[in-house]
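Structure, as structure tokens:
We name chains A, B, ... by the order of the sequence lines, and we start the count at 1 in each one.
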Amino acid sequence: MSIVVFVESSDKKVKKTSMEAVFYASKIDNNVIAVALGSAHDESQLGELGKWGATDVLLDSANKFDSGDLSLSASAISEVMKTKNAKILVLATSPFGSGLAACVAVQLNASLATNVAELPDTSSGFVVKRSIFTGKAFQNVNLTNENKVIAIKKNAVDVVENGSVINISSFSAEVDGEGKIKVKDVDMIQGDILLPEAERVVSAGRGLKGPENWGMVEELASVLKAATACSKPVSDMDWRPHHEHVGQTGIKVSPQLYIAIGISGAIQHLAGVNSSKTIVVINKDPEAPFFKEADYGIVGDAFEVVPKLIEALKANN
Amino acid sequence: MKILVCISHVPDTTSRINFIDNNQKFDTSGVQFIIGPYDDYALAKAVDLKEETGATVTVLNVGRAETEPTLRKALAIGADNAVRIDADPLDSIQVATLISNYAKGESFDMILMGRESIDYNGGVVHGLLGEMLNITSISPVMTLKLNGGSAEMTREIEGGKEQVEVAMPFIAGCQEPIAEWKIPNMRGIMTARSKPLDVIDGSAVDMHSDAGEYSLPKTKSGVKLIDPENIGELVNLLKNEAKVI
Ligand SMILES: Cc1cc2nc3c(=O)[nH]c(=O)nc-3n(C[C@H](O)[C@H](O)[C@H](O)COP(=O)(O)OP(=O)(O)OC[C@H]3O[C@@H](n4cnc5c(N)ncnc54)[C@H](O)[C@@H]3O)c2cc1C
């Protein structure tokens, strides 16, 4: 038996959530085949997956996979699963990963679960714990089909090294066609910390009054090596780009540290940040609901507190 | 042109989430149900396209009779007719299978829905449906413009966005800022009452999963307040207590 993991790279680096997926799979089966598709990967980076438990890494670097055609990539993954007699696919929940998971599930008549928060319980059946209601609850789901597709949530496992670097092999998937999506332009965001992957996030809201005041937010983020984020009204008013908006209708983050500045803590905002490990809230209103969800709080004017915090962090570095 | 919009019927975003019957059931008492916020974007886009091109818009939900007010609201916003597939929605594959069985006979030019529902957050129905119907599926889509027999869309990818072109028919999982949420007006509410709402049988689908117990996350132990005059204390706590810097 073996288990297949679909691996994504960003900027030639294997994504942290893909490493988590490899590690997760290694806790289910000893034979972990990591599969990477398209031209966005770096071969030596893929070899590093051995450290997290991969026993084989297969790469088909054909650029037909770069257009994000779900069905095409799914066919390649299904083919590997069939030839290797793998019954389980593990991957990270992401816009592309979830769509791919769906297509593989149809192709292989598999059970499917996304946003899986923990390792499965196999004492009776194959039960996974899914995060639901945008982080406000969990549900156990028994995956009853023989084939299973599991898309894990960030931090579903704490990865530790359990192997060493391995050689990767190339393969050429026998899939028809070139895909049905034409990519005309790609626009990558400047800055090297991806918000969904970030371990530290500095986020600010309408309390900052206007886009001209984001200098201190960016400086705090840079001192902490954090990604920047914002509340929905802030991106609605175009103070900040849409892709920084976190919450129920935006990006869901689960960093080690989330600092919220001038954000009231509306339930829709909390839904996107409630799986952060440590939450710091800076707000001038002691009644702001965010304080109820915080680990540490400072009641004060952001325009005074944030510069002081930057100084204190610099002094500490 | 024929557009299908699939909507979920979900608890309002401010709902308190509780469970009953030994954590086997979601407690709907006092909960207000709405069109899923992402689905609401999809619906708004479909209504914009209807105004632009004269397309007909069908709105669909898999659910029991209690979801009909939500479908009526979608009709009031501008959909032409509604379809309710009568079944308890139990998992994404079951829902997608039911939609696929219906859509097979209808030859829609595009199928729009939200990128995910905000109750079970599967985020997979568009992908499942695409594979079942052998139609290209794209998500999350932030802009959509028709161009003859194809559509140009902005797709969000991790770390950026792409401009893509896809021929019709296609499926799109929508998110902001694809269109602005619409509020039904009086005329819309009046006409919605007489628009057709068909009910289709949704029994007899093979199940792929078996849902069990619900649980709630651990609650926070309470906030530690730090004096703004003593900010060094926060740095100290982050470093030595929380160990996150
Ligand atoms: C269906 C739906 C979906 C939604 N999805 C999201 C979502 O995904 N994400 C999201 O964020 N919101 C979402 N919202 C909106 C949400 O309800 C709130 O309106 C929003 O989060 C408020 O943003 P805010 O905290 O920045 O602004 P406000 O609520 O206006 O809060 C500003 C805060 O700043 C504080 N403040 C002001 N001046 C200062 C100062 N000088 N120093 C320190 N603090 C100061 C104030 O005390 C206040 O607490 C959604 C709403 C709906 C209906």
Side chain, backbone, both or neither: which part of Asn115(A) has a heavy atom under 4.5 Å from chain B? side chain
If we ignore hydrogens and angles and just use 3.5 Å, is the side chain of Arg115(B) paired with the main-chain N or O of Pro95(A) as donor and acceptor? no
I want to check something: taking the side chain as every heavy atom from C-beta on, are Glu158(B) and Phe96(A) in contact at a cut-off of under 4.5 Å? no
Can you run down the salt bridge (Lys or Arg N to Asp or Glu O under 4.0 Å) pairs that involve residues 25-37 of chain B, sequence neighbours left out, and say none if there aren't any? none
Heavy-atom pairs under 4.5 Å with chain B are the metric here; pick the option from Thr93(A), Ile251(A), Thr114(A), Val104(A) that has the most. Thr114(A)
Proximity breakdown for Lys232(A) and chain B, heavy-atom pairs closer than 4.5 Å: side chain
If you define the side chain from C-beta out and look only at heavy atoms, does anything of Arg155(B) sit under 4.5 Å from Ile181(A)? yes
Heavy-atom proximity to chain B below 4.5 Å, by part of Ala226(A): neither
Answer with side chain, backbone, both or neither: which region of Ser275(A) has an atom nearer than 4.5 Å to a non-hydrogen atom of chain B? neither
Where on Ala294(A) is there a heavy atom nearer than 4.5 Å to chain B: the side chain, the backbone, both, or neither? both
With a 4.5 angstrom heavy-atom cut-off, which part of Lys225(A) approaches chain B: side chain, backbone, both or neither? neither
Do any N or O atoms from the side chain of Thr144(A) and from the backbone of His208(B) form a donor-acceptor pair under 3.5 angstrom? yes
Could you have a look at Glu241(B), Met207(B), Glu165(B), Glu162(B) and say which one has the most heavy-atom pairs with chain A under 4.5 angstrom? Glu165(B)
Non-hydrogen atoms of chain B under 4.5 Å away: do they reach the side chain of Asn274(A), the backbone, both or neither? neither
If you compare all heavy atoms of Gly123(B) against all heavy atoms of Ser98(A), which two are closest, and at what distance to 0.1 Å? O-CB, 3.8 Å
Shorter than 4.5 Å, heavy atoms on both sides: which option in Asp210(B), Val164(B), Val166(B) has the most such pairs with chain A? Asp210(B)
